[in-house]
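All values below were derived from every heavy atom in this structure, side-chain atoms included, with hydrogens, water molecules and symmetry-related copies excluded. For this chain, numbers begin at 1 and follow the sequence in order.
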Amino acid sequence: MSSRIQVPAHLHSVDGQSGATYVLDVRSGQWLVLNSPAARLWRVVVETGDVDQGIDVLAAGYASSVVERFRADAHETVRDMFVKRLLITGAPAAPRGATSGRPSGAVRVTTPPRARTAVLGLCSLLLALVLLRLPFRHTVRFVNILTGKWCTRPVKRSEALDVVAAVEAAADHYPGRAACLERSLGAVIAAAIQRRRLQWVLGVAEDPSRFHAWVEVEGKIVTRSAESQPAFLRVFSV
């Protein structure tokens, strides 16, 4: 089987309305943003499976007076993409399941956590903090195993509201960092302790660009915020 240029399996991406592409490395948890020209070059090189063919496709849209400068810049950009492991060569990979799309709305936490879930929220948050100190690929693998093999059914909306409320309350009193990544993972763990599967999502919003992590039930973000939610794009979910 012939080798061709492709995107590594551990990279997940979504194209924004601005033309930029947002890339998440699920091994490291690091984000990278490709501006519109770089994103287009990245996509075309992957589609053609060859650097020269991809650059030829794009070069056809440039005037002869600047096309050589474009080719030189494009080759330099592609070399940088290989260095950063945005591109690799190998046998064609199997198609990857789609994650992208937008949540269909929001489900809001409007009541404080019940007393019986307070300890659950605190323990789950602390476990999330420990897991996020590991290499991110191990955190993702743990969540995959937890939700795929331990949980017996998807969480109900009422149960999702309960665990998010409990973890949010615990995070409010935690003296260290407890941002969206820690809180959302804590909610996933709190649900999983009860053998309920809650979807963990990492994504982006544009204008301005910002990265976010949240949980979803029935395709909707579960949030305590009373503010209107930005138009988030999913990039990766477990």
Heavy-atom side-chain proximity of [X] to [Y] below 4.5 angstrom:
| X | Y | answer |
| --- | --- | --- |
| Gln199 | Val238 | no |
| Phe82 | Val51 | yes |
| Arg108 | Thr223 | yes |
| Asp162 | Arg114 | yes |

Short side-chain to backbone donor-acceptor contact, [X] and [Y], under 3.5 Å:
| X | Y | answer |
| --- | --- | --- |
| Trp42 | Leu86 | yes |
| Glu206 | Gln17 | yes |
| Glu159 | Lys156 | yes |
| Arg71 | Ile55 | no |
| Gln53 | Gly49 | no |
| Gln194 | Ala191 | no |
| Thr152 | Arg195 | yes |

Requested in this report: Test Thr147 against Val188 for side chain to side chain contact (heavy atoms under 4.5 Å, CB included), laying out the working first.
Outcome: CA-CA 8 Å; Thr147 59; Val188 171; 4.1 Å; yes
Quick check: is [Y] connected to [X] through a chain of hydrophobic side chains (ILVMFWY, heavy atoms under 4.5 Å apart)?
| X | Y | answer |
| --- | --- | --- |
| Leu185 | Val222 | yes |
| Val44 | Tyr62 | yes |
| Leu125 | Ile189 | no |
| Tyr174 | Val164 | no |
| Leu161 | Val167 | no |

Report task. Could you list the residues that satisfy side-chain hydrogen bond (donor to acceptor under 3.5 Å, both in side chains) with Asp80, not counting sequence neighbours? Result -> Lys84
Report task. With Phe232 as reference, evaluate Val204, Ile221, Leu202, Val201 under the side-chain contact (heavy atoms from CB on, under 4.5 Å) test and give the passing residue. Result -> Ile221
Query raised in the report: Can Arg234 and Arg102 be said to form a side chain to side chain contact (heavy atoms under 4.5 Å, CB included), step by step?
Result: CA-CA 6 Å; Arg234 302 183 189 100; Arg102 299 183 187 276; 5.6 Å; no
Find the distance between [atom1] ([X]) and [atom2] ([Y]) and round it off to the nearest 0.5 Å.
| X | Y | atom1 | atom2 | answer |
| --- | --- | --- | --- | --- |
| Gln6 | Ile88 | CD | CD1 | 4.5 Å |
| Leu34 | Leu41 | CG | CG | 9.5 Å |
| Arg210 | Trp31 | CZ | CH2 | 12.5 Å |
| Leu122 | His173 | CG | NE2 | 11.0 Å |
| Thr21 | Leu11 | OG1 | CG | 12.0 Å |

Scan the side chains in residues 128-146 for donor-acceptor partners under 3.5 Å anywhere in the protein, sequence neighbours excluded, and list what turns up.
{"from": "Thr139", "atom 1": "OG1", "to": "Leu131", "atom 2": "O", "distance (Å)": "2.7"}
{"from": "Asn144", "atom 1": "ND2", "to": "Val140", "atom 2": "O", "distance (Å)": "3.4"}

Query - Criterion side chain to side chain contact (heavy atoms under 4.5 Å, CB included) on Val23 and Val33, from CA distance to verdict - result: CA-CA 6 Å; Val23 184; Val33 181; over 6 Å; no
If I compare all heavy atoms of [X] with all of [Y], which pair ends up nearest, and what's the gap?
| X | Y | answer |
| --- | --- | --- |
| Thr117 | Pro113 | OG1-CB, 3.9 Å |
| Ala187 | Val163 | O-CG2, 3.8 Å |
| Ala39 | Gly19 | CB-O, 3.7 Å |
| Leu198 | Ala160 | CD1-CB, 4.1 Å |
| Ala171 | Ala178 | CB-CB, 3.8 Å |
| Glu216 | Pro103 | OE2-CG, 3.4 Å |

Between [X] and [Y], is there a side-chain N and carboxylate O pair less than 4.0 Å apart?
| X | Y | result |
| --- | --- | --- |
| Asp50 | Arg4 | no |
| Arg183 | Asp172 | yes |
| Asp15 | Arg43 | yes |

**Report entry** Audit row: Ser209, Tyr22, side-chain hydrogen bond (donor to acceptor under 3.5 Å, both in side chains) steps and yes/no
**Finding:** CA-CA 9 Å; Ser209 297; Tyr22 302 89; 2.9 Å; yes
Report task. Would you please classify the geometry between the Phe236 ring and the His12 ring as parallel, tilted or perpendicular, with 30° and 60° separating the classes? Result -> perpendicular
Report task. Begin with the C-alpha distance, continue with both residues' side-chain angles, and end with the deciding distance and a verdict on side chain to side chain contact (heavy atoms under 4.5 Å, CB included) for Ser124 and Ile193. Result -> CA-CA 8 Å; Ser124 300; Ile193 288 173; 3.6 Å; yes
**Report entry** Arg153 atom CZ, over 12 foreign heavy atoms within 6.0 Å
**Finding:** yes
Query raised in the report: Going through the checks in order, is the side-chain hydrogen bond (donor to acceptor under 3.5 Å, both in side chains) test met by Trp200 and Ser184?
Result: CA-CA 7 Å; Trp200 189 34; Ser184 58; 2.9 Å; yes
